[in-house]
Asker: 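Handing you this structure, nothing more for now.
All chains are named by letter (A, B, ...) in the order of the sequence lines, taking the proteins before the strands, and each is independently numbered beginning at 1. Because the structure is predicted, anything quoted here is derived from the model rather than measured.
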Amino acid sequence: MTMAATETPEPKTETASAATPAAKPEDAPPPRRASWGRRLMRDRAAVAALGTLAIICLAALFAPLLATHDPYVNTRSVMTPPAWQTGGDIAYLLGTDGQGRDIFSRLLYGARLTLLIGLISVGLGGFVGSMIGLLSAFYPKIDAWLMRFMDMLLSFPAILLGLALVAVMGQGAVPVIIALAISSVPDCARIARGIASGVMKMEFIEAGRAVGLSDAALFRRYLLRNCISSIMIFISLRFGQVILIGAALSFLGLGARPPLAELGMMASQGRDFLLFAPHIAVIPSVAIFVIVLAANVAGDALRDVLDPRLQT
Amino acid sequence: SAQTVTILRQQDSNKYDPPAITALSGSEVLFMMGDTLVALNEDMQTIEPLLAKSWDVSEDGKTYTFHIKEGVKFCDGKPMTAEDIAYSINRWISPELKSGVAWRAGDVKEVVALDDYTLKYELNAPYSELLYQLAQSFGTVVDKENVEALGADFGVTGFNGTGPFCWESWDPRNEMVLTKHEGYNWGPPMYGEGAAKVDKVIWKIVPEESTRTVALLTGQGDVSYYVPYIGLGKLRSMPNIEVVRSDAAFWTNYIGFKIDKPGVSDPAVREAINLAVNREAMAEDMFFSEVDPAYSYVSKGALDYNAEVDAHLIKYDPDAAVKVLEDAGWMLNADGVREKDGVTLEPVIYTFTGEWAKTSEAVQADLLKVGINMQIQPYDATVIWGKLATQEFDMYTMGFPYVSTGDALNLYFRSANIPSPNRMNWDDPETDKLLADAAAATTDEKRASDYGDVLLKVQKAAVWLPIYEKPMQVAYVKNMAPIKPHNIYGAGLYKGLQLAFTD
Amino acid sequence: MSAASVPSGKAPVLEVEGLTKHFPMKGGLFGRTTGAVQAVTDVSFSVAPGETLAIVGESGCGKSTTGRALLRLLEPDSGAVRLDGEDIIALSPSRLQAARRQMQMVFQDPFGSLNPRMNVRETLMEPILLHGVATGAAAEKRVSELLKTVGLSDYHADRFPHEFSGGQRQRICIARALSTRPRLIVCDEPVSALDVSVQAQIVNLLQDLQKQFGMAYVFISHDLAVVRHIAKRVAVMYLGRVVELADATEIFARPHHPYTRALIAAAPKPVPGAVLGREEVKGDAPSALRPPSGCAFHPRCPMAQDRCRTERPELRRVGGAMAACHFAEAVADMGAQVEAARPDALLRRLDVLAKARAEAAQPAA
Amino acid sequence: MTAKASSPAVDPDAPLLEVKDLKVHFHTETGVFRAVDGVSFSVRRGATLGIVGESGCGKSVTSLGIMRLIAQPPGRYAGGEVKFEGRDILKISEREMRGLRGGRMGMIFQEPMTSLNPVYTIGDQIIESLRAHGVADRKAARKRAIEMLDLVKLPSPETRVDDFPHQLSGGQRQRAMIALALVNDPELLIADEPTTALDVTVQAQILSLMRDLRERTGAAIVLITHDLGVVAETCDDVVVMYAGQVVEKAPVAELFSGPQHPYTLGLMAAVPRLDAQTDRLETIPGSVPPPYLQLPGCRFASRCPLATDHCRAAPPPLREIGPGRSVACWRAPIEEIAA
Amino acid sequence: MISTIIDRLLLSIPVLLGVLLFGFLLLQLVPGDPARVVAGPSAAPDVVEALRVQMGLDQPILVQFWAYMERMFTGDLGRSMISNKEVTAELAAAIGPTVELMLACMIWSIPLGIAMGTMAAVKRGSIVDRAIMAISVAGVSLPIFFVGLLAVQYLGVLWLNLPFIGRGGPLWSYDGLRHMILPALSLGAILVGPVARMTRSSVLEVLKLDHVRTARAKGLSERSVILRHGLRNALIPVVTLIGLQAGYLLGGAVVTETIFSWPGIGRLVVGAILSSDFTVAQGAILVFALGFIAINLIVDVLYSLLDPRVRK
Ligand SMILES: Nc1ncnc2c1ncn2[C@@H]1O[C@H](COP(=O)(O)OP(=O)(O)OP(=O)(O)O)[C@@H](O)[C@H]1O
Ligand SMILES: Nc1ncnc2c1ncn2[C@@H]1O[C@H](COP(=O)(O)OP(=O)(O)OP(=O)(O)O)[C@@H](O)[C@H]1O
Ligand SMILES: [Mg+2]
Ligand SMILES: [Mg+2]
Ligand code: NI
């Protein structure tokens with residue numbers, strides 16, 4: 001074995017900086033682009049948003065433990081301002097509402113219901129919508145039909161749909177969830193279709209077909225696997241909007257039935273006190289705002305990190 | 001211009017056809033656009049002449065003869081005659097119109113114009129309430145030609161009345177504009193029989209409660225009796241706003257029980273509910289002491305009130321409530337709800353949205369403390385009436401204006417009125433008999449005693465949970481002349497004849 | 001019309017007859033058909049076992065469509081494709097799936113033709129398991145063999161496509177195509193996206209594999225130099241039709257169709273000054289939506305006559321070739337390019353390199 | 001300070017463009033990426049310089065670098081000069097640079113598909129360029145645009161001038177692109193792979209068009225391509241790039257008859273030839289070192305059969321080995337090794 | 001252009017049919033008997049029965065559907081179940097204010113959003129960018145009712161004393177204009193954020209494209225590069241977004257109209273549904289769907305104006 005160069009440069013002297021004794025340069029491990037988690041964590045706003053979301057979710061989850069009062073029990077101290085304002089009472093951190101119920105405790109329970117409504121409807125609508133979108137990208141034959149159908153759904157604003165469903169089913173969280181889910185369907189379908197038809201144009205789909213894969217396997221292993229993360233990101237972005245619409249429905253007097261606390265409903269009830277005890281309406285509104293803001297900021301950051309192509 | 005008064009109110013009416021519209025939102029405008037045979041004084045007791053300058057009642061109390069004023073004209077200038085009144089009353093009670101308030105006209109045998117200025121009103125049975133009912137908006141005199149010409153659009157695109165104001169335009173859900181009826185001089189004596197003092201009245205719809213308050217504050221409205229209780233204190237403190245109040249107004253808000261539904265069929269439960277709900281606290285905290293907590297079914301000041309009832313009022317005592325329940329065998333189950341013989345105390349209440357929903361929530365919270373888990377089902381004012389005619393619920397909320405004890409009792413406790421407005425399903429022959437006797441009574445004493453007996457009976461049975469009695473409060477900007485609130489059917493401004501600006 | 005068949009006596013592995021595929025152009029409401037892209041019209045050829053047939057032509061002339069129709073990745077409108085005598089077009093979906101074992105494809109875009117979410121092992125395993133070539137440990141072994149065959153190592157198996165360079169990816173694609181030991185591989189521009197040096201590696205690899213396993217290639221390309229290097233026979237397509245079909249040596253020495261001639265002339269040669277005296281083709285290729293009447297090439301053809309405008313020339317035998325030109329003989333007589341040898345200096349230096357490499361490789365071997 | 005005298009009497013033989021040790025780095029998440037790392041060459045008026053090299057070797061970045069069109073960030077000029085008529089245009093104001101761009105320096109891009117704005121007609125886009133460089137009159141500008149389209153042999157330019165890019169075929173679009181680049185009579189034309197996206201027949205048309213235009217206007221052309229054939233046919237001088245650096249520079253005939261750098265050699269040998277059938281293609285084993293490896297020596301060393309330890313340790317400078325010829329290899333000239 | 005419009009109109013037909021079907025089903029699904037709603041609670045059973053026959057409710061469902069379709073196509077939307085008014089008349093009265101509100105809201109919010117988005121894209125990474133994006137994401141996260149309530153509270157009461165009750169008259173009158181300000185502000189507030197975000201990302205996307213590089217190579221000033229070559233192309237997806245946001249906007253109009261007592265379709269439909277006036281609800285939903293279709297038609301026309309590639 002001569003010392004003549006082979007394809008393998010021996011890492012002797014100062015060439016040590018050439019790093020690992022890779023057999024071929026192309027095999028040298030590339031400097032790792034920081035993992036997406038790490039990159040996410042570098043974005044301070046995203047960290048703050050994720051932290052906020054986490055805290056809110058935990059708070060909502062453990063509402064029974066954290067609540068300082070029974071959210072449904074009224075007291076005689078009505079319209080107490082938040083603790084930091086004059087007239088506030090430290091026992092009622094965020095004050096009380098028009099019925100003397102502790103707003104802090106109701107907020108916890110309200111966030112619980114609000115988040116639940118958002119999650120279930122976005123989950124349901126996202127699932128159905130993405131499936132429709134994926135299918136219509138996968139089977140161009142049914143594409144036109146499915147998309148016409150989606151157009152139709154799209155022409156019913158969620159709030160209208162909610163109103164109509166409440167008319168049919170009576171007030172409650174269920175019709176709101178259904179309305180929100182249905183109205184999420186066309187949006188998710190549209191996005192999923194966009195993503196999926198991008199993937200369908202890729203040659204590897206054809207390669208999979210050429211290998212002899214069945215449609216089902218092609219759909220699952222090739223299309224779905226390549227779209228799922230983008231779709232999930234979009235669905236997570238949709239979450240904020242769904243919560244907003246849900247709150248608007250509650251505000252209009254649909255949604256959960258009393259005494260259940262729901263943030264939109266709390267705001268709606270509080271508007272009667274707007275002039276005199278603004279905190280009753282403002283606190284739940286701000287809570288919604290914070291949740292949606294955190295969801296949006298976190299969703300944006302997630303998208304930027306995971307799939308910058310997705311924009312809306 | 002300054003001669004335009006903007007009245008703020010909560011909701012619009014579907015149309016303005018007197019017998020077809022039973023809601024306050026219709027009546028309050030109709031009172032201004034039209035006139036009735038007689039008027040009611042703001043003391044809520046005295047009947048005053050309006051279209052009828054006088055009337056005679058026959059011995060048996062079955063026939064009323066009205067002598068009609070001369071010179072009364074419709075807005076379009078056409079003279080009004082007894083014929084028009086007869087037409088209007090007959091229209092009110094005609095089966096085709098299906099008016100929900102036809103019964104208020106009494107058991108009519110015949111209403112005919114004897115001549116241009118004499119009207120005969122003949123009943124099958126004496127009806128002591130008749131004049132009060134004739135003062136309500138349902139008997140507002142309409143113009144036959146106008147009715148027939150507009151058909152389905154009557155009260156929608158126009159209305160030809162004899163009232164102090166005339167229909168100018170209606171933008172549904174936004175505003176109703178009325179203009180002064182020139183030459184009007186047949187108003188009730190209490191208002192001095194003259195024409196309206198402003199040129200224009202705008203009834204503006206503002207559904208948001210706080211917005212109404214703010215709108216008055218910022219001068220976007222001149223007068224309103226739909227100010228939320230929370231706003232009244234604030235308005236009172238404003239230098240440019242006056243709030244006046246009338247206690248001669250009888251309006252009670254109550255929650256009724258369907259007494260044949262499991263759970264609430266047990267008088268002990270109903271009693272316990274009456275004990276458990278802190279109405280005083282509600283009146284203070286939720287209504288800012290603008291209302292009086294109610295314990296009796298009709299106000300003490302109402303005609304024919306039975307003082308004996310005072311001994312049977314159920315006041316707030318949650319401990320007693322628990323005791324009553326436990327004595328009756330209603331024990332807490334694992335969920336903290338009382339239960340007996342497989343029946344859990346989870347009564348469903350049908351309630352209006354808005355203020356009533358809040359009331360129900362407070363009641364709900366109080367009841368929860370004694371182990372009763374009330375379920376609230378709010379309905380919009382337009383649908384709830386249909387819902388309340390069913391047997392689906394256990395409890396319901398209702399508020400009603402009245403002038404006398406009999407007014408209230410006749411409405412709610414006659415078995416013939418099941419399922420609505422007797423939504424309690426109160427089916428008691430003795431009550432029926434007493435009520436019939438009272439209606440036909442020819443002396444005040446007899447009537448008072450009969451009504452008093454009924455009142456005592458139902459009060460003892462705890463078929464209601466009275467919540468509060470609400471006075472009429474009108475808030476207006478100070479550059480308006482002082483207003484004396486009226487309370488007929490809850491219409492605080494009645495004919496609008498006192499509306500005037502001082503400058 | 002299977003005159004365009006394999007010259008030798010061997011039964012062809014692939015026979016294509018009258019293959020036609022037109023894409024309807026849908027527009028407006030309810031997908032009114034407003035026209036058709038005549039992507040492939042009446043294409044016939046055959047390929048012998050172990051042979052390479054190249055399809056060349058300009059962009060949009062229907063090369064890929066032909067290739068995909070061969071494997072029935074597209075449903076052709078008409079025509080027959082026989083693989084070892086079995087008509088692929090007539091197969092039921094399940095039979096087709098099985099038949100795919102015998103025919104595989106390598107695509108142009110090495111970046112797009114691998115599922116980015118599947119690592120190399122999964123990618124190679126998929127056809128092996130699907131077609132029951134091997135299972136369990138045997139399949140694993142097969143994967144590592146395949147990797148070695150295409151010049152990759154075992155440790156590559158757990159990597160994902162994005163961790164490879166273009167050339168390496170193309171090797172993986174080739175390995176995937178090889179995994180079922182097919183009789184036929186359709187290569188749709190497998191080297192067009194690669195740099196010349198990588199291209200050379202892949203071309204060599206394809207040739208080596210063919211020698212080793214004996215499968216036939218349909219090699220689609222627009223690069224005449226590569227085609228000349230790899231193909232035994234060449235089909236030239238223009239606007240969806242085969243205009244010339246002949247042995248590679250014949251085509252490059254004596255093109256029979258003016259289009260082939262133009263194509264060869266237009267290709268830039270790495271010889272300084274070669275440009276002189278080139279005759280250019282006028283204009284762009286016309287739209288496949290509305291192919292010109294008669295000979296589709298006539299608007300750009302320097303030799304076009306009136307006849308060409310009205311009468312479409314059939315593909316016919318002209319000497320050793322098949323050509324679709326009324327004047328094929330005349331074209332052939334025009335001869336072709338002068339061959340230019342590589343300069344000496346270049347050869348000498350290459351020699352030095354080769355020696356050095358050989359030296360370096362020896363001890364290792 | 002002679003900067004004021006903007007137009008000194010030019011020596012016709014002085015290079016129009018002189019790039020000296022140009023360095024363009026990209027600062028990315030994974031670190032500094034030296035896309036162009038010390039590139040030098042010059043172009044005379046009326047001459048065509050070809051730049052060849054593998055994909056990613058920095059050809060486009062060089063050309064954009066000359067036009068000062070590198071997006072900053074992430075790009076950054078890390079050193080070197082770009083002298084246009086003797087003035088370092090990396091130092092002039094952006095405003096002045098704008099006057100040069102599209103005026104005295106024109107550029108053609110690879111993708112005729114995407115390099116034209118789809119929402120404006122080609123006429124508009126040409127007129128826009130004219131107006132940016134002092135033609136005030138719209139009518140005159142339009143006339144000139146039509147002339148220009150005619151010059152690049154776009155059929156019926158009077159009507160085509162109002163076509164949108166998507167209404168043209170690839171070749172026609174590239175013609176429009178050339179018209180756009182030439183409309184202000186640039187003295188320097190930079191063409192970044194102007195024919196790569198086109199079919200051979202169209203490529204031949206475009207290349208011949210460019211030759212004609214050069215002859216007519218006497219402009220200097222920098223032609224970037226990876227196709228040695230195109231270089232052979234079109235260029236006077238050639239610069240061969242490898243991994244961000246120039247490895248060889250030579251007049252075209254010399255380069256093809258006797259390349260000196262092992263990489264150039266390998267490249268030449270790897271090209272299959274239309275005019276001679278070979279059994280096997282020569283290959284260059286291995287591949288370009290990943291940019292994140294900061295190799296101390298010759299960047300080609302890992303693939304070079306002739307590489308020595310010295311090659312791996314020290315970067316070879318670009319040495320002049322003849323008139324107009326230089327090479328960056330410690331072992332050149334190669335024949336001497338054989339000897 | 002014309003053919004684009006015609007095509008689009010034809011494509012709307014299936015959507016419209018779907019909407020009609022939905023409206024029909026709504027009446028079928030509501031609990032309770034429409035005849036009973038019309039007749040009123042105290043009507044005798046035989047009256048209700050007669051009404052059923054009169055309303056055709058005793059017919060088989062397909063016959064009913066056919067009759068319904070016939071009525072719809074003759075423009076007969078029936079009469080309100082509650083007020084017995086012609087539904088068409090009700091809608092006609094309400095449609096003007098809603099259109100007015102929509103226009104007023106879009107006229108300020110879309111240009112502002114576009115300007116903000118462009119600004120942010122141009123100053124990418126700077127404080128300005130971050131500020132604009134923060135405002136936009138906050139705007140996207142604000143509950144519409146909260147904006148409205150705040151507008152009433154601060155702009156209406158405390159600061160500017162702007163009217164916030166109903167409509168003051170036609171838009172061109174002084175009073176009409178003043179009344180329009182707050183509702184238009186609140187409704188527009190929900191649109192600014194999405195438009196700004198979309199514009200920003202779209203401009204950034206476009207600025208990366210080859211043709212922008214060409215524009216720079218032409219020596220254009222940065223300003224015209226960004227406005228002529230960046231923004232102009234970037235508007236294409238923004239216009240699409242506006243079309244998609246139309247549903248959200250229509251939904252927002254429902255809430256805004258409620259808060260500001262705006263006598264438009266939104267309030268009409270809320271009222272109708274809450275009061276089980278299903279014929280009116282049906283009509284209003286139809287109008288909403290038509291509105292959606294109309295907005296998207298306009299969007300398509302704009303789209304083809306902006307993008308010559310989709311022109312026929
Ligand atoms: N799915 C399709 N729908 C409609 N037209 C198509 C489709 N696929 C291909 N075509 C058209 O068919 C013609 C032939 O296309 P094909 O892809 O076979 O060309 P090609 O020779 O492979 O070109 P290239 O060299 O560009 O790959 C083209 O005009 C193309 O636009
Ligand atoms: N904006 C950028 N950010 C980061 N890296 C870049 C950027 N632009 C170019 N590069 C890198 O610089 C290197 C040189 O790119 P360049 O485009 O000049 O290559 P090229 O020689 O033109 O290749 P090709 O033949 O493919 O066009 C490439 O590796 C590329 O990834
Ligand atoms: Mg192809
Ligand atoms: Mg490049
Ligand atoms: Ni070297």
Asker: Spell out, as yes or no, whether a donor-acceptor pair under 3.5 Å connects the side chain of Gln201(C) to the backbone of Ile284(D).
Answerer: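 Pair found, side chain donor or acceptor close to backbone of Ile284(D).
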
Asker: Heavy-atom pairs under 4.5 Å with chain C: which of Ser257(D), Gly258(D), Ala269(D), Gly171(D) has the most?
Answerer: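 Most heavy-atom pairs under 4.5 Å with chain C: Ser257(D).
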
Asker: Taking Glu54(D) for its side chain and Ser197(C) for its backbone only, find out whether a donor-acceptor pair lies under 3.5 Å.
Answerer: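 It does not hold such a pair.
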
Asker: Would Val271(D) and Gln199(C) count as a side chain to side chain contact (heavy atoms under 4.5 Å, CB included) here? Give the steps.
Answerer: CA-CA 9 Å; Val271(D) 181; Gln199(C) 168 179 313; over 6 Å; no

Asker: Can you tell me which portion of Asp208(C) sits under 4.5 Å from chain D's heavy atoms? Options are side chain, backbone, both or neither.
Answerer: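 Only the side chain of Asp208(C) comes within 4.5 Å of chain D.
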
Asker: Any side-chain to backbone donor/acceptor pair from Arg349(C) onto Pro259(D)? Under 3.5 Å, distance only.
Answerer: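 Yes, Arg349(C) side chain to Pro259(D) backbone: donor-acceptor pair under 3.5 Å.
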
Asker: In terms of heavy-atom pairs under 4.5 Å, which option from Asp223(C), Asp351(C), Val198(C), Val196(C) contacts chain D the most?
Answerer: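 Greatest number of close heavy-atom pairs with chain D: Val196(C).
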
Asker: With rounding to the nearest 0.5 angstrom, report the CG to NE2 distance, Leu281(D) to His229(C).
Answerer: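 One gets 3.5 Å once the value is rounded to the nearest 0.5 Å.
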
Asker: For the side chain of Asp199(D) and the backbone of Ser59(C), is there at least one donor-acceptor N/O pair under 3.5 Å apart?
Answerer: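 A pair under 3.5 Å: yes.
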
Asker: Top residue by heavy-atom pair count (under 4.5 Å) with chain C, among Leu267(D), Leu198(D), Leu265(D)?
Answerer: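 Ranked by contacts with chain C, first place is Leu265(D).
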
Asker: Only one of Leu228(D), Thr225(D), Val230(D) forms a side chain to side chain contact (heavy atoms under 4.5 Å, CB included) with Pro268(C), so which one is it?
Answerer: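 Result for side chain to side chain contact (heavy atoms under 4.5 Å, CB included) with Pro268(C): Val230(D).
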
Asker: Taking atom CZ as the centre, does Arg319(D) end up with more than 12 heavy-atom neighbours from other residues, nucleotides or ligands that are less than 6.0 angstrom away?
Answerer: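 Counting neighbours around CZ of Arg319(D), more than 12 heavy atoms of other residues, nucleotides or ligands fall under 6.0 Å, so yes.
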
Asker: Of the backbone (N, CA, C, O) and the side chain (C-beta and beyond), which part of Val203(C) lies under 4.5 Å from a heavy atom of chain D, both, or neither?
Answerer: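 Contact with chain D: side chain only.
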
Asker: Is any side-chain heavy atom of Pro305(D) closer than 4.5 Å to one of Lys355(C)?
Answerer: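 Not in contact.
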
Asker: Quick one: closest heavy-atom pair of Ala267(C) and Glu233(D), and the distance?
Answerer: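 It is O-OE2, 4.0 Å.
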
Asker: With a 4.5 angstrom heavy-atom cut-off, is it the side chain or the backbone of Val231(D) that approaches chain C, or both, or neither?
Answerer: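 Neither part.
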
